[in-house]
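Basis for what follows: all heavy atoms, side chains included, without hydrogens, waters or symmetry-related copies. Source: prediction; values computed, not measured.
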Amino acid sequence: SAKPDRFADFRMDQDLPAQKLLAQRRPRRSFFEPSIRALIILCASLAVVLSSLSICDGHWLLVDDRLFGLWHFCTTSNQAHVPGLASGMAVARSVATLAVVVAIFGLEPLMVSQVSEDAHSWHKWAVGSALFLLASILSFGGLLSFLTLLRNEVTLMGLSLTFWSEYTASFLFFLNAISGLHINSISRTDSVTYPWGLPAKF
C-alpha cells in the first residue's frame with residue numbers, strides 16, 4: 001500500500017493560514033456600491049436626454065430678436081457678419097451630435113455590466129465610463145465652438161434654456177465619467193490594473 005505523504009499534509013497545513021489571510025484581505029462589495037452604480041447610470045441617462053433635446057432644438061442664443069442656433073437662423077443671411085460662420089457652425093453641430101452618440105454607446109456597457117455580472121463586468125464599466133469622459137470633452141468642445149463663433153453677440157441673458165441644458169449635460173457627462181472610473185478603481189483594488197481601474201490592454 002502507498003505510504004501517506006506527510007510532506008504534502010504538512011504543506012496543506014501551512015497553506016491554510018495563508019488562504020484564510022487572503023480571504024480576509026479580499027475586498028467585499030459594499031452594500032452601497034450597487035446603489036451608487038445605479039445612480040450613476042440614472043444620471044448618465046438624464047444627461048443623454050438633456051443633450052439630445054438641446055441639440056434637436058438647437059436654439060441657443062437670442063440677441064435683439066435675432067435667433068442663433070446649431071441648425072438654422074431666423075433668416076438665411078449671416079446676421080452676425082462672422083466670417084466662416086456656416087462652416088464653423090457645422091463643426092460645432094457635428095461635435096455636439098457626436099458627443100451624444102458616444103454617450104449612448106457608453107451607456108450600453110454601463111447597463112450591461114450591472115445586468116449580467118461576470119468576470120468582465122468591471123472592464124465593461126471602465127469602457128463605458130471612458131466613453132462618457134470622451135463625450136464630455138466633445139460636448140464642451142461643441143459649446144466652446146458655438147461661443148467662440150458668436151463671441152461678439154453672446155450675452156449671459158441671451159443664452160437660451162436649451163444652451164444651459166447642453167451645458168448641464170456636459171457637466172453630467174464629466175461627473176458620471178469621473179465617478180464611474182473612481183468607483184471602479186475602488187472595487188478593483190485586489191487586482192493589478194492601471195489607474196481608475198482600466199485594464200492593461202485598454
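Under the 4.5 Å side-chain heavy-atom criterion for Ile, Leu, Val, Met, Phe, Trp and Tyr, Phe171 and Leu131 are members of distinct hydrophobic clusters. In terms of hydrophobic clustering, with Ile, Leu, Val, Met, Phe, Trp and Tyr side chains grouped at heavy-atom distances under 4.5 Å, Ile137 and Ile55 are assigned to different clusters.
Rounding to the nearest 0.5 angstrom, the gap separating the CD1 atom in Ile183 from the CZ atom in Arg37 is 5.0 Å. Within the model, atoms CG of Leu143 and CG of Leu138 stand 11.5 Å from one another, a figure rounded to the nearest 0.5 Å. The CD atom of Glu166 sits 4.5 Å away from the OG atom of Ser54 when rounded to the nearest 0.5 Å. Here Ser94 contributes atom OG and Leu70 contributes atom CG; the two are 10.0 Å apart, rounded to the nearest 0.5 Å. Remark: Asn184 CG to His123 NE2 distance equals 10.5 Å, nearest 0.5 Å. Note that CG of Leu149 is 11.0 Å distant from CG of Asn152, once rounded to the nearest 0.5 Å.
Other members of the hydrophobic cluster containing Leu53, listed by chain and number, are Val49; membership follows side-chain contacts under 4.5 Å among ILVMFWY residues, whether direct or relayed.
For the ring-ring contact (aromatic ring centres under 6.0 Å, His included) condition, the pairs that include at least one residue of residues 139-158, sequence neighbours left out, are Trp60-Phe146. Each side chain to side chain donor-acceptor pair (under 3.5 Å) pair with one or both residues in residues 167-180, not counting sequence neighbours, appears once here: Ser139-Ser170.
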Take Phe173 and Val48 through the side chain to side chain contact (heavy atoms under 4.5 Å, CB included) test and state the conclusion after the steps.
CA-CA 8 Å; Phe173 286 156; Val48 171; 4.1 Å; yes
In residues 38-45, what donor-acceptor pairs under 3.5 Å come from side-chain atoms, sequence neighbours left out?
residue : atom : partner : partner atom : Å
Ser45   : OG   : Ile41   : O            : 2.9

Donor-acceptor list for residues 97-112 side chains, cut-off 3.5 Å, not counting sequence neighbours:
residue : atom : partner : partner atom : Å
Thr97   : OG1  : Arg93   : O            : 2.7

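Residues passing the side-chain hydrogen bond (donor to acceptor under 3.5 Å, both in side chains) test with Ser136: none are found, sequence neighbours excluded. Under the ring-ring contact (aromatic ring centres under 6.0 Å, His included) criterion, Phe174 pairs with no residue, sequence neighbours left out. Here Trp125 pairs with nothing under the ring-ring contact (aromatic ring centres under 6.0 Å, His included) rule; sequence neighbours left out. Listed by chain and number, the residues in a side-chain contact (heavy atoms from CB on, under 4.5 Å) with Val63 are Leu61, Arg66, Phe68, Glu153 (sequence neighbours excluded). Residues passing the side-chain contact (heavy atoms from CB on, under 4.5 Å) test with Leu147 are Val154, Leu159, Phe163, sequence neighbours excluded.
With hydrogens and angles ignored, the 3.5 Å screen pairs a side-chain donor or acceptor of Thr148 with a backbone N or O of Leu144.
When all heavy atoms of Gly141 and Val95 are compared, the closest pair comes out as C-CG1, 4.2 Å. In terms of heavy-atom proximity, Ala47 sits nearest to Leu172 at CB-CB, 3.6 Å.
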